Amino acid sequence: MSTLVVLGTQWGDEGKGKVVDYLAEQADYIVRYQGGNNAGHTLIYENKPFALHLVPSGILFPKKYCLIGNGVVVDPKALKEEIAFLNKKKISVRGRFFISEQAHIILPYHKLIDGILEEGNVKIGTTKKGIGPCYSDKVKRIGIRVVDYLEKNVFLDLLDKNLIEKTPILENGGINIEKLKKEILKDHKELSKFIKPFVADTSLMIEGAIKKNKKVLFESAQGTLLDLDFGTYPYVTSSNPTAGGACPGAGLGPTEINNVLGVVKAYTTRVGEGPFAVELFDKMGDFLREKGGEYGATTGRPRRCGWFDAVVVRHSVRVSGIKHLILTKLDCMEDIKTIKICVAYKYKGRIYKDFPSSRTVQKYAKPVYEEMLGFKGKIKGVTSFKKLPLNAQKYVKRLEQLVGAPIDLISLGRKREETVEVTKNAKWF
Ligand code: IMP
């Protein structure tokens with residue numbers, strides 16, 4: 001097996017950055033297939049945490065190829081800053097970092113529109129990075145791709161058409177179009193030169209890698225419940241983080257995907273607006289937020305926290321065909337007396353074992369909990385599954401049962417070595 005999709009099974013922030021970093025050691029190529037710099041993957045490098053937003057986490061390994069697939073939306077300014085940041089840390093990206101020529105470009109008007117829409121009557125709680133407006137343009141067939149950005153005349157023509165189309169909303173928001181256009185043209189001169197050496201047909205590169213039996217890891221941003229189709233619509237991001245998204249998002253067929261690995265946090269968090277049945281508004285919610293450092297890597301917003309929601313994760317396992325799971329942040333549940341797990345939802349007397357599509361049910365359903373005894377004893381620093389407190393082992397096994405996929409690995413901290421095998425010598429590639 002040589003290809004693997006890694007995705008988040010909840011609302012993002014499951015700890016994919018660390019997991020991808022851990023797995024990247026075994027991979028040759030690491031490919032992002034959706035989202036943009038709305039994502040934030042916190043990693044540890046030289047004992048210090050730092051966040052990557054666009055460049056795949058595998059970049060920390062000097063010999064790995066890191067690709068941004070066509071399904072990603074790229075803010076060239078943010079990319080330049082991120083690469084400058086990596087260079088400062090002496091992590092070179094030249095010759096091993098590539099962007100698909102078909103990826104769509106985020107321009108300043110996307111970010112402005114994102115902000116204006118957030119002030120309107122449907123507040124999603126977006127990251128305001130211009131993600132939704134950029135994907136909207138792609139779907140409306142007026143988007144500007146990387147390849148278009150590099151062809152000056154094509155770019156100028158598309159820019160004019162886009163500015164005309166967006167004038168009403170921008171002017172309503174108090175934006176001066178002429179000034180905005182000047183800024184975009186000035187940036188374009190500098191940024192098109194900057195990105196040019198990184199641009200490639202990444203779908204062809206992936207095909208070449210697979211033919212040579214290289215190991216290719218497809219990394220999703222966000223999580224299943226933020227998926228445009230399978231998430232808590234409309235409180236979602238504007239792309240498909242589910243495993244299927246890797247095919248149109250990176251340019252390969254489903255028969256080329258060998259394995260799907262889900263990352264799942266030992267409890268649940270979400271950022272932004274939208275339904276969240278297991279949300280805790282009490283001291284336990286605060287405890288999880290503080291213990292887990294649950295503040296957004298991109299926006300710094302405090303995350304909403306709740307108990308483990310098996311309805312959500314079962315749904316994720318199903319819609320992405322997840323074969324294996326990696327559990328993160330179990331160490332953050334030390335010292336809790338009684339732990340709850342949501343096993344179903346209840347609304348107007350009806351029990352929902354499968355994740356409901358109705359926004360009303362998603363919003364008003366109450367969680368049906370089962371309780372377990374908390375873990376006494378230290379979890380942080382434990383080096384094998386058998387050395388975990390018995391109740392922690394029981395919790396892990398119960399989660400597996402409820403969600404329908406085995407937990408192969410448990411992460412007990414941000415560092416690579418803070419990882420415990422449940423399945424001995426598990427092979428995902
Ligand atoms: P957008 O992706 O900026 O349009 O935001 C849409 C929704 O997805 C909002 O609720 C965001 O908080 C959420 N979101 C986007 N990216 C992430 C992420 O990386 N982690 C968690 N939530 C995210």
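Whatever order the structure lists ligands and atoms in, that order sets their numbers, starting from 1. All values below were derived from every heavy atom in this structure, side-chain atoms included, with hydrogens, water molecules and symmetry-related copies excluded. From a predicted model like this one, the values you see are computed outputs, not experimental measurements.
- In terms of protein heavy atoms, atom 16 (N) of ligand 1 is closest to Gln222 NE2, 3.1 Å.
- In this structure, Lys129 has no heavy atom closer than 4.0 Å to ligand 1.
- Distances from atom 5 (O) of ligand 1 to the heavy atoms of Thr299, Asp13, Thr126, Leu117 put Thr126 nearest.
- Only the side chain of Leu226 comes within 4.0 Å of ligand 1, judged by heavy-atom distances.
- Nearest protein neighbour of atom 19 (O) of ligand 1, counting heavy atoms only, is Ala39 CA, 3.3 Å.
- Below 30°, between 30° and 60°, or above 60°: for Phe276 and Trp11 the angle between ring planes is above 60°, a perpendicular geometry.
- In Arg301, the part holding a heavy atom less than 4.0 Å from any atom of ligand 1 is the side chain.
- At least one donor-acceptor pair closer than 3.5 Å links the side chain of Ser358 to the backbone N or O of Thr360.
- You'll find the side chain of Glu290 reaches within 4.5 Å of the side chain of Tyr295, heavy atoms only.
- No side-chain heavy atom of Ile336 sits under 4.5 Å from any side-chain heavy atom of Lys291.
- Interface atoms of ligand 1 facing Val271, defined by a heavy-atom separation under 4.0 Å, are 10 (O), 12 (O), 21 (C), 22 (N).
- Those atoms of ligand 1 with a heavy atom of Trp11 less than 4.0 angstrom away are 21 (C), 22 (N).
- Among Thr269, Thr237, Asp114, the residue whose heavy atom lies closest to atom 2 (O) of ligand 1 is Thr237.
- For the pair Asn258 and Ser2, the tightest heavy-atom approach, listed with the atom from each and the gap, is OD1-N, 2.9 Å.
- By heavy-atom distance, the residue among Cys134, Ala221, Gly272, Gly125 lying nearest atom 11 (C) of ligand 1 is Gly125.
- The proximity of Tyr235 to ligand 1, defined as any non-hydrogen pair under 4.0 Å, does not occur for either the backbone or the side chain.
- Of all protein heavy atoms, the one closest to atom 3 (O) of ligand 1 is Thr127 OG1, 2.6 Å.
- Residue-level proximity to ligand 1 for Val236 is carried by the backbone, the only part with a heavy atom below 4.0 angstrom.
- In this structure a side-chain-to-backbone donor-acceptor pair under 3.5 Å is missing from Ser320 to Ile322.
- Note on ring orientation: taking the six-membered ring where Trp is involved, the planes of Phe355 and Tyr345 are perpendicular (angle over 60°, cut-offs 30° and 60°).
- Short contacts between ligand 1 and Ile124, defined as distances under 4.0 Å to a heavy atom of the residue, involve ligand atoms 10 (O).
- Between Tyr395 and Phe308, the ring-plane angle classifies as perpendicular under the 30° and 60° cut-offs.
- The aromatic rings of Tyr149 and His188 sit perpendicular, their planes meeting at an angle over 60°, well past the 30° parallel limit.
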